[in-house]
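Right, one structure below, let's go through it.
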Amino acid sequence: QVQLVESGGGLVQVGGSLRLTCVDSGRTSSSSAMGWFRQRPGKEREYIAAIDWSGGSRLYSEKVWGRFTVSRDADKDTVYLQMDSLKPEDTALYYCVGTNLFNARPLTSQHVHSWGQGTQVTVSS
């Protein structure tokens, strides 16, 4: 019923940029907010950014604040993650997520009801 599909990952040099895209085919009946998590090898999935559909409020992890921007296109049921000034530490598998608990603080994996398949981002030094 709900399907999240990410795209836009790839290999980029330090200081470069990438834009990730996620389409939610079941947003109107599932998620009030969408966002992004990432997972490094051997580490737990961590919250990166989120945006709610109704008001457009945005949240960011301190690790990416000022470098990443999350945005939405309601007409296309799509969210984006613009990543600038990329660092080697940003190398990870990035997941698009859906949630109905946008106001949870802190936002964790326990508040996510839908996960995309992930898209790999690799930043070379």
Side-chain angles (χ1 to χ4, degrees):
Q1 184 175 3
V2 178
Q3 184 174 4
L4 305 177
V5 181
E6 307 101 328
S7 62
L11 176 64
V12 64
Q13 292 182 320
V14 171
S17 299
L18 287 173
R19 189 177 78 162
L20 306 184
T21 299
C22 176
V23 179
D24 181 2
S25 61
R27 184 193 63 80
T28 57
S29 61
S30 58
S31 306
S32 61
M34 294 175 65
W36 299 88
F37 280 65
R38 70 184 182 187
Q39 185 172 29
R40 305 177 189 177
K43 304 295 184 180
E44 297 181 349
R45 294 182 182 183
E46 62 179 354
Y47 157 78
I48 296 300
I51 183 169
D52 74 308
W53 286 106
S54 60
S57 298
R58 295 180 287 187
L59 296 173
Y60 294 99
S61 164
E62 293 183 354
K63 295 182 179 180
V64 304
W65 188 90
R67 300 188 297 118
F68 291 10
T69 303
V70 63
S71 60
R72 62 186 175 119
D73 186 339
D75 293 335
K76 299 180 179 180
D77 289 340
T78 301
V79 296
Y80 305 93
L81 184 67
Q82 178 67 41
M83 304 184 294
D84 299 318
S85 301
L86 283 163
K87 305 175 180 180
E89 307 91 87
D90 295 319
T91 295
L93 190 63
Y94 283 72
Y95 295 91
C96 178
V97 304
T99 180
N100 291 317
L101 298 172
F102 179 79
N103 295 124
R105 299 291 185 273
L107 185 63
T108 72
S109 297
Q110 297 183 27
H111 306 115
V112 175
H113 66 75
S114 299
W115 297 86
Q117 80 285 354
T119 184
Q120 179 67 37
V121 172
T122 302
V123 184
S124 64
S125 59

### Task
Starting from the C-alpha separation in whole Å, work towards a yes-or-no answer on side chain to side chain contact (heavy atoms under 4.5 Å, CB included) for Met83 and Ile48.
CA-CA 11 Å; Met83 304 184 294; Ile48 296 300; over 6 Å; no

### Query
To the nearest 0.5 Å, what is the distance between CZ (Arg72) and CG (Asp24)?
13.5 Å

### Task
Starting from the C-alpha separation in whole Å, work towards a yes-or-no answer on side chain to side chain contact (heavy atoms under 4.5 Å, CB included) for Glu6 and Leu20.
CA-CA 7 Å; Glu6 307 101 328; Leu20 306 184; over 6 Å; no

### Task
Identify the heavy atoms of Ala50 and Leu107 that sit nearest to each other, and give their distance.
CB-CD2, 4.1 Å

### Query
Under 4.5 Å between side-chain heavy atoms, hopping through other hydrophobics if needed: is there a path connecting Leu59 to Leu81?
no

### Task
Have a look at Phe37 and tell me which of Tyr94, Trp115, Tyr95 forms a ring pair (Phe, Tyr, Trp, His ring centres under 6.0 Å) with it.
Trp115

### Message
Using side chain to side chain contact (heavy atoms under 4.5 Å, CB included), reason through Phe102 and Ile51 one step at a time and then give a plain yes or no.
### Response
CA-CA 8 Å; Phe102 179 79; Ile51 183 169; 5.6 Å; no

### Task
Give the cluster check for Val123 versus Leu93: same hydrophobic cluster or not, with ILVMFWY residues linked at side-chain heavy-atom distances below 4.5 Å.
no

## Note on the structure
Heavy-atom nearest pair, Tyr80 first then Thr21, reads CD2-OG1, 3.4 Å

### Flag, side chain of Thr99 to backbone of His111, donor-acceptor distance under 3.5 Å
yes

### Task
Check whether any side-chain N or O of Arg58 sits under 3.5 Å from a backbone N or O of Val70 as a donor-acceptor pair, and report yes or no.
yes

### Task
Say whether Val14 and Val64 are linked into one hydrophobic cluster, either directly or through other cluster members, by side-chain heavy-atom distances under 4.5 angstrom.
yes

### Summary
Rounded to the nearest 0.5 Å, the OG atom of Ser61 sits from the CZ atom of Arg38 at a distance of 6.5 Å

### Task
Please report the C-alpha distance between Met34 and Asp77 in whole Å, then the side-chain angles of each, then the deciding distance to 0.1 Å, and finally whether the side chain to side chain contact (heavy atoms under 4.5 Å, CB included) criterion is met.
CA-CA 10 Å; Met34 294 175 65; Asp77 289 340; over 6 Å; no

#### Entry: Contact summary for Ser31 and Gly98, nearest pair of heavy atoms
OG-CA, 3.3 Å

### Query
So, does Arg40 use its side chain to make a donor-acceptor pair with the main chain of Glu89 at under 3.5 Å?
yes

### Query
So does Lys63 pair up with Glu46, basic N to acidic O under 4.0 Å?
yes

### Task
State whether the side chain of Ser85 and the backbone N or O of Arg67 hold a donor-acceptor pair below 3.5 Å, judged by distance alone.
no

## Note on the structure
In terms of heavy-atom contacts, Val79 and Trp53 come closest through CG1-CZ2, 3.8 Å

### side chain to side chain donor-acceptor pair (under 3.5 Å) involving Ser17 - partner list, sequence neighbours excluded
Asp84

### Query
Does Ser54 have any side chain to side chain donor-acceptor pair (under 3.5 Å) partners at least two apart in sequence or in another chain, and if so, which?
Asp52

### Task
Flag yes if Tyr47 and Trp36 sit in one hydrophobic cluster, no otherwise; membership is Ile, Leu, Val, Met, Phe, Trp, Tyr, and two members link when side-chain heavy atoms are under 4.5 Å apart.
no

### Query
Among the clusters formed by ILVMFWY side chains lying less than 4.5 Å apart, do Phe68 and Val12 turn up in the same one?
yes

### Query
Taking atom CG of Leu4 and atom OG of Ser114, what is their separation to the nearest 0.5 Å?
5.5 Å

### Check: Thr122 side chain, Thr91 main-chain N or O, donor-acceptor pair, under 3.5 Å
no

